[in-house]
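Proteins come first, then strands; the chains are lettered A, B, ... in the order of their sequence lines, and each starts at number 1.
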Amino acid sequence: MAKYGSHSLEITGTTQAPVDPESPPASPVKTAIHVDSMAIPANVTLTEDQSGDVFDSLIGLQSIMPNMTCTTRSVAAVLELLGFQGGCLGADPLPLAKFEQFFTEKTSCGGSAGSDIAFAATRGLYYLNQLTANRGQEATLDFTLETLSTDGSTAPVTMTESATLPSPINTDTFVLGAPQIAGLSFPEATAASIGFNSSTTDKQPGWGSIYPTEVGIEKVRPDLRIDGVDLARLKSAGVPLDSKEATHANTLLPFRKKKNRGAFVADATAEHFSLTLSGMFYFDTIASASGNSTASNSLVLRAAREGSTAPIVASFDEVYAG
Amino acid sequence: MSEELRSAEQAFLKTGLSLSLFRKIVDSGRVEDVVTRLAEGDAAAAEEVVEEYYEHYKATADDE
């Protein structure tokens, strides 16, 4: 009996049409990333009878709406590919054409048997769920692809047996440096996370179909949560109870790149990245303590557009200045 | 990466759109002076370039 373990996710770009029509199209760019976890829930809805009998005697499929979920530490690669607004998977001119989750076969004694398996989707809507950056730990990013059928009758997810495993990026993990929010440094912070709170339009099966054909982004409402231990933050020179304004100019989350087989890539090397946010910074929990444990507080930065600039902006390939 | 392209990339990222889309637009060569316009413009100008990119694509597809 075959057993499988998670291997990687490969994201394929669309084929680039050549500038010169007589030239062959450029090969699509493929980016494979290591995953901490991934799943493909089928999201099945059944029809059931309304007979009043204790047991159903009539059941059937109403809809199957699979999505691909993934958690990875290749944070920068995924942010570069997906952006913060989410987007559609499909053909040119869209930038991304395929998500493919790879699972490697394991023998009963461990190790790979070499007969691996892949699940692919070529149409859908991708968006970010959460970026988690706990103190001292590598940041992780959760994201989702809501898969779609191309025509209502084609299955949105396909399987390939004896798949060829890709070579995932080994050098793309990061830890968060000391966050600066609304002009304040938070060296006492114990955890930081950004929830993207992406909501989508209703995903319904196509007419006369069980597979969905349409879905779109409705809203993305990023918020940054900072947990800390300095209860004296509540003051006019800190964060007043009636909130404090945060801007891109005074809010920075610097991410320091880890070195494979080492600690960190040199700070002066332009391989790190940072995020800036803009919005309203306020207390979620002013103080909380239990027994002998250290008291804590929790603050939230609810991000919103600053002029025409998005609520959250990334800068890639820069030196580390945390 | 040239300073001009880097500057354009930074302007584009302020829209919240993905870097993969930016690279697609730049690589396509189907939008005139895309890099220059981005480098000179702000985030709103960058979004206009995206719109122009799609409109140009649609027009090309219709012609074919």
> About how many Å separate OG1 of A/T14 and CG of B/L21, when rounded to the nearest 0.5 Å?
Replying inline: 9.5 Å
> Looking at A/A310 and B/G16, what are the two nearest heavy atoms and their distance?
Replying inline: CB-N, 3.7 Å
> Going through the distances and angles, do B/L17 and A/F84 end up as a side-chain contact (heavy atoms from CB on, under 4.5 Å)?
Replying inline: CA-CA 6 Å; B/L17 293 167; A/F84 295 113; over 6 Å; no
> Is it the side chain or the backbone of A/L81 that comes within 4.5 Å of chain B heavy atoms, both, or neither?
Replying inline: both
> Minimum heavy-atom separation for A/V313 to B/L13, with atom names?
Replying inline: CG1-O, 3.9 Å
> Quick one: CD on A/E306 to NZ on B/K14, what's the gap to the nearest 0.5 Å?
Replying inline: 9.5 Å
>> Counting heavy-atom pairs closer than 4.5 Å to chain B, which one of A/G86, A/G13, A/G307, A/G83 comes out on top?
In response: A/G83
>> Pair B/S18, A/E80 - check side-chain contact (heavy atoms from CB on, under 4.5 Å), show working.
In response: CA-CA 6 Å; B/S18 67; A/E80 286 189 15; over 6 Å; no
> About how many Å separate CG of B/L19 and CG of A/L82, when rounded to the nearest 0.5 Å?
Replying inline: 11.5 Å
> Do other residues, nucleotides or ligands put more than 12 heavy atoms under 6.0 Å from the CD atom of A/E218?
Replying inline: yes
